[in-house]
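Just follow the structure's listing: the first ligand is 1, and inside any ligand the first atom is 1.
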Amino acid sequence: MRYLIVSDIHGNKEALDAVLFHAAGLYDRIVCCGDLVGYGPDPNAVVDWARANLHAVIRGNHDKGCAGLEDLEWFNPLARAVCEWTARQLTAANLEYLRELPAGPLDVDGFQLVHGSPLDEDEYVVSLADARNIFPYMEADLVFFGHTHIQCAWARRDGRFETIRRLRPGDPDLYLNVVQDGAYLVNPGSVGQPRDGDPRAAYALFDTRTKELIQRRCRYDSSRTRRRILEFGLPEPLASRLETGR
Ligand code: ZN
């Protein structure tokens, strides 16, 4: 089975459409590591798509915040303003869908999905040191996570921990062959708001038969998304960061 793995779409329909077009024909099922909404101007369009198309999905902290499951006191002022706006936009059915999303870890076909980490759905895993602490608690040899909006991967092979080389702006796809006897912690990156200095939408592909994992980026035109963020009166940095990927 060939999987398309996405995360942190954050209401960015243009980036999502670009990913689906870019990956067309290369997957059988789509799974998501959370944060369907928050930040972007099209929360309903993204949740409508998720309800119709996702094989498996877990909740992210923004999904919880917008659905009223999290005290927004914990959010920074910018995220909080967008969460309140998003909650007002969402249809009753879409709010209900977000409220019912399961927390990770979620088992899917031999791998797992988590939002932050297997231990804490709100934890930020950003370094090899963070990853080393998590490997002993992984319940599957392949775990996909999101939350940091940074496309990356770490491996434990023959008892050694290693950082997999990251894609740089302009780099083509990164192919990783996931071997049977290693363990991998993989962030497919953010579809809708990358923060690793590469404004291209990020995603991953995984084939359970060949064990091949591919980290990919695709360019998209964010001008409509940025214009709509401003038209709705959402904070300006949410628009400008889409240009820089920061
Ligand atoms: Zn996020």
**Asked** Is it true that Arg156 and Glu162 have a side-chain N and a carboxylate O under 4.0 angstrom from each other?
**Response** no
**Prompt:** What atom name does the N, O or S atom of His10 nearest to the Zn ion (ligand 1) carry?
**Reply:** NE2
**Message:** Using a strict threshold of under 4.0 Å (side-chain N to carboxylate O), is an ion pair present between Asp171 and Arg165?
**Reply:** yes
**Request:** Tell me which N, O or S atom of Asp8 sits nearest to the Zn ion (ligand 1).
**Result:** OD1
**Request:** Flag His147 as yes if one of its N/O/S atoms falls below 2.8 Å of the Zn ion (ligand 1), otherwise no.
**Result:** no
**Charged N-O contact under 4.0 Å between Lys13 and Asp17** = yes
**Asked** Is any NZ, NE, NH1 or NH2 atom of the basic residue among Glu231 and Arg228 found under 4.0 Å from an Asp or Glu carboxylate oxygen of the other?
**Response** no
**Request:** Give the atom name of whichever N/O/S atom in Asp35 sits closest to the Zn ion (ligand 1).
**Result:** OD2
